[in-house]
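On a predicted model such as this, the values are computed, not experimentally measured, just so you know. Naming convention: chains lettered A, B, ... in sequence-line order (proteins, then strands); numbering from 1 in each chain.
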Protein chains: 2
Amino acid sequence: MFGMEPEVLERFTWYMREHSALTIMFHTKVAEQMGLSATDEKCLDLAIRAEGPLTAGRIAELSGLSTGAVTGVIDRLERAGYVRRVRDPHDRRKVLVEVTPAEFVKFGHLFEKAQASLVEVLSHFDEAELQVIERYLQLQVETFRKRVIDT
Amino acid sequence: MFGMEPEVLERFTWYMREHSALTIMFHTKVAEQMGLSATDEKCLDLAIRAEGPLTAGRIAELSGLSTGAVTGVIDRLERAGYVRRVRDPHDRRKVLVEVTPAEFVKFGHLFEKAQASLVEVLSHFDEAELQVIERYLQLQVETFRKRVIDT
DNA sequence: GGAATTGTCTTAGCGGCTAAGATGTTCGGC
DNA sequence: GCCGAACATCTTAGCCGCTAAGACAATTCC
């Protein structure tokens with residue numbers, strides 16, 4: 001690395017580490033407030049962020065859980081009303097997990113607050129600076145994804 | 001929020017969300033490679049990031065675990081060589097958890113790779129841009145911490 | 001049509017977590 | 001100094017989620 005002083009890197013490393021720890025804490029707390037375990041919330045997040053509905057098996061792959069565990073996860077999520085099991089009409093062995101958006105209205109305040117925090121942070125920057133930050137976040141997510149995959 | 005278009009906020013929200021999911025995955029994988037559960041690794045991280053050595057009770061508070069669970073966590077961390085139990089000489093009821101840095105040499109490659117990723121990302125920005133990013137990270141961590149505390 | 005494959009669910013067994021109580025240490029009033 | 005209350009950690013019982021292995025149902029390939 002060229003003109004970067006070691007202390008700069010050290011500071012950035014510290015931010016990363018701190019941010020990671022906070023993320024995990026936040027994740028735990030959100031799950032708690034939704035009446036879910038961290039595992040269940042993680043699987044629900046996968047289902048929400050996916051393009052279409054996921055199958056049970058795909059959730060097992062993505063989450064790293066066994067298929068048996070995923071059965072339990074979906075049971076609990078379904079009982080709590082967050083998702084619905086739908087048999088895939090094209091392959092009736094498969095179980096599609098459909099997220100029921102209505103159920104999230106209850107927790108709107110959680111996400112609103114999180115978004116308000118984001119807005120508050122971003123409001124300290126002008127348009128040009130926001131572009132730098134966005135470029136950074138884009139790169140960071142992309143690079144981080146590669147890093148996670150081969151860890 | 002003033003001059004910010006909705007799509008910009010939407011994109012930033014997406015980065016946050018994606019970054020969170022990746023962080024949790026990374027955390028899980030690092031723990032796995034170190035032969036620890038996510039819980040154990042989380043507690044170890046607390047002990048590492050703390051100023052001085054933490055007591056068992058303080059780890060329970062910070063992690064949100066019961067004291068009984070923390071006993072088990074420290075047992076496993078101690079057996080694996082990551083920490084050492086030291087009776088506090090000033091108050092012999094307390095157990096200080098001392099991190100043994102030597103044990104982390106084995107996993108140096110994990111952190112080196114993570115740091116290399118960070119350097120790779122940062123190398124795409126000039127000095128002025130890095131300052132913007134650092135200001136952003138600082139604010140983000142600070143604001144996020146407040147958000148986590150009252151969630 | 002029958003065998004092999006695929007996707008999910010079921011079950012047994014293990015291990016970590018909580019809650020409650022046991023043990024050992026310190027502090028405060030006398 | 002002594003005794004009881006408060007405190008820090010450990011121990012135990014019971015519960016619950018996870019893994020692994022196998023059961024069951026639907027599909028695919030010959």
Counterpart residues, side-chain hydrogen bond (donor to acceptor under 3.5 Å, both in side chains), relative to [X] (two or more places apart):
{"X": "A/Gln115", "answer": "B/Thr13"}
{"X": "B/Arg11", "answer": "A/Glu134"}
{"X": "B/Glu98", "answer": "B/Arg84"}

Identify the two heavy atoms, one from A/His27 and one from A/Lys42, that lie closest to each other, and give their separation to 0.1 Å.
NE2-N, 4.0 Å
When every non-hydrogen atom of B/Ala80 is compared with those of B/Glu103, the smallest separation belongs to O-OE2, 3.9 Å
With a cut-off of 3.5 Å and sequence neighbours excluded, list every side-chain donor-acceptor pair involving residues 144-151 of chain A.
from	atom 1	to	atom 2	distance (Å)
A/Arg145	NH2	B/Glu18	OE2	2.4
A/Arg147	NH1	B/Lys113	O	3.2
A/Arg147	NH1	B/Ser117	OG	2.5
A/Arg147	NH2	A/Asp150	OD1	3.3
A/Thr151	OG1	A/Arg147	O	2.6

Taking ring-ring contact (aromatic ring centres under 6.0 Å, His included) as the definition, give me every residue that meets it alongside A/Phe104, ordered by chain and number, with sequence neighbours left out.
A/Tyr82
Under the salt bridge (Lys or Arg N to Asp or Glu O under 4.0 Å) definition, can you give me all pairs with a residue in residues 53-65 of chain B, not counting sequence neighbours?
B/Arg58-B/Glu61
Please check if the side chain of [X] supplies one atom and the backbone of [Y] the other of a donor-acceptor pair under 3.5 Å.
{"X": "B/Arg85", "Y": "B/Val97", "result": "no"}
{"X": "B/Thr100", "Y": "B/Ala102", "result": "no"}
{"X": "A/Glu129", "Y": "A/Asp126", "result": "yes"}

Give the residues of residues 43-63 of chain A touching DNA chain C, defined as any heavy atom closer than 4.0 Å, sorted by residue number.
A/Thr55, A/Ala56, A/Gly57
Using a cut-off of strictly less than 4.0 Å between a heavy atom of the residue and any atom of DNA chain C, enumerate the qualifying residues of residues 80-91 of chain A by number.
A/Arg85
Walk me through it: do B/Val95 and B/Asp88 pass the test side-chain contact (heavy atoms from CB on, under 4.5 Å)?
CA-CA 6 Å; B/Val95 166; B/Asp88 184 338; over 6 Å; no
Which two nucleotides bound the region of DNA chain D that has atoms under 4.0 Å from heavy atoms of chain A, read 5' to 3'?
D/dG17 to D/dT27
Distances under 3.5 Å only, N/O to N/O: pair up the protein atoms with those of nucleotides 14-18 of chain C.
from	atom 1	to	atom 2	distance (Å)
C/dC17	OP1	B/Thr39	OG1	3.2
C/dC17	OP2	B/Arg76	NH2	3.4
C/dT18	OP2	B/Ser66	N	3.0
C/dT18	OP2	B/Ser66	OG	2.9

Quick one: sort the A/Phe107 and A/His109 rings into parallel, tilted or perpendicular, breaks at 30° and 60°.
tilted
What residues form a salt bridge (Lys or Arg N to Asp or Glu O under 4.0 Å) with B/Asp40, not counting sequence neighbours?
B/Arg76
Measure the OG1-CG distance between B/Thr28 and B/Leu36 for me, rounded to the nearest 0.5 Å.
12.5 Å
Which atom pairs link the protein and nucleotides 22-24 of chain C when you take only N or O atoms and keep those under 3.5 Å?
none

